Amino acid sequence: MKKSHPIRRAVLAGAATVSGIVLLLSLKPASDPASASAQGAAASQQSAAAQESPQGGSAQQSSSGARTVTGDVAQTQYGPVQVRITVSGGKVTKSEVVQIPSGGRSTEVSNSSVPKLNQEAVAAGSADIDAVSGASYTSAGYKKSLQSALDKAKAAGGGTAGSKGSSGSSGSAGSSGSSAAPQAPATQARTVTGDVAQTQYGAVQVRVTVSGGKITKAEAVQAPKGGLSDQKTALAVPELNQEAVAAGSADIDAVSGATYTSTGYKQSLQSALDKAGG
């Protein structure tokens, strides 16, 4: 009986060793799926990050899009006028009014004149457009606000004009920038007063302000006054001033009911333009 104990011990020891080996072998493969899943998660994160980078390039579309610019409000005798333009590729592609005189006769005048002014602005690409007959005040206000919008668009679009690079527009933009300073004195505004024009009801004398070869302001220094003349002058002179600026010359219509004042105004205006060299 005593000789059997060592055999039992050997059997038990062998069984324990085999169990330990089996246990170790069963635990080792479990680590491989974990590492594989970790690598899969990392790969998915990298692919997600890679997909984000192409989307950032779509922001370039906004840099080449059209820009909308609203000009300053121009006050007229019948109400404010304000123009908004759309500029694309350095050209005016659309022009519209934000504010316009309305109410009574003004609504009719605006409805007939504004579409024509919008078309002329797009066609000319500048504020050098003709006034609409019968809408002198509205036309003058439109042109003033339009010029303001064009100035703002030019100032804001300096960088984009340069980005057009290889074309002639970029070169001309650069040259105009360098020559702007020397040309400034030549385009300074000048005020010139015309000769006095005698009419049946009194003297008429006109003063104009000229800048860049254009009339930017016209005003009456003298005009008939006293009695009915005061009323006619108050009605006629503002309209004549507006027409002179809009036309840029003395070729303007006489104001109904103020023929003498209109004739004298045009004579003095022509005298002032002759003195100004225009």
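The first residue in the sequence is number 1, and the count goes up from there. All values derive from a computational prediction rather than experimental measurement.
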[atom1] of [X] to [atom2] of [Y]: how many Å apart, nearest 0.5 Å?
X    : Y    : atom1 : atom2 : value
S139 : K144 : OG    : NZ    : 14.5 Å
K143 : S148 : NZ    : OG    : 15.0 Å
Q270 : Y265 : CD    : OH    : 12.5 Å

Please check if [X] and [Y] belong to a single hydrophobic cluster, counting links between Ile, Leu, Val, Met, Phe, Trp and Tyr side chain heavy atoms closer than 4.5 Å.
X    : Y    : value
V210 : V206 : yes
V92  : V81  : yes
L240 : L273 : yes
I215 : Y137 : no
L117 : V245 : no

I'd like to check [X] versus [Y] (side-chain heavy atoms, cut-off strictly below 4.5 Å). Are they in contact?
X    : Y    : result
D253 : E243 : yes
V97  : I100 : yes
V83  : E96  : no

Under the criterion side-chain contact (heavy atoms from CB on, under 4.5 Å), I'd like the reasoning laid out for R84 against T68: C-alpha separation, chi angles, the key distance, then a yes or no. CA-CA 7 Å; R84 177 192 296 137; T68 301; 3.2 Å; yes
Show your working on side-chain contact (heavy atoms from CB on, under 4.5 Å) between L269 and I252 and close with a plain yes or no. CA-CA 10 Å; L269 172 60; I252 58 178; 4.3 Å; yes
Under the salt bridge (charged side-chain N to carboxylate O under 4.0 Å, His left out) definition, can you give me all pairs with a residue in residues 203-212, not counting sequence neighbours? R207-E219
After noting the C-alpha distance and the side-chain angles of K275 and D195, does the key distance pass the salt bridge (Lys or Arg N to Asp or Glu O under 4.0 Å) rule? CA-CA 10 Å; K275 293 180 180 180; D195 296 335; 2.9 Å; yes
Would you say S262's side chain and A258's backbone share a donor-acceptor pair under 3.5 angstrom? yes
Looking only at non-hydrogen atoms, find the nearest pair between [X] and [Y] and report the distance.
X    : Y    : result
T261 : P224 : OG1-CG, 3.8 Å
Q77  : P238 : OE1-CB, 3.6 Å
A153 : R67  : O-NH2, 3.4 Å
T199 : G264 : CG2-CA, 3.9 Å
T216 : S211 : CG2-CB, 3.9 Å
A244 : A218 : CB-CB, 3.9 Å

Which other residues belong to the hydrophobic cluster containing L235, where Ile, Leu, Val, Met, Phe, Trp and Tyr are joined when side-chain heavy atoms lie under 4.5 Å apart, directly or via other members? none
Qualifying side chain to side chain donor-acceptor pair (under 3.5 Å) pairs with a residue from residues 107-119, counting only residues at least two apart or across chains: R105-E108, N118-Y142
Mind checking salt bridge (charged side-chain N to carboxylate O under 4.0 Å, His left out) for D128 and listing every partner two or more places apart, or none if nothing turns up? none
So the ring-ring contact (aromatic ring centres under 6.0 Å, His included) pairs with at least one residue in residues 241-261 (sequence neighbours excluded) are Y201-Y260
For atom CD of Q75, decide whether the heavy atoms of other residues, nucleotides or ligands shown that lie under 6.0 angstrom number more than 12. yes
With sequence neighbours excluded, what pairs up with Q205 under the side-chain contact (heavy atoms from CB on, under 4.5 Å) test? T193, V196, V221, Q222, S268
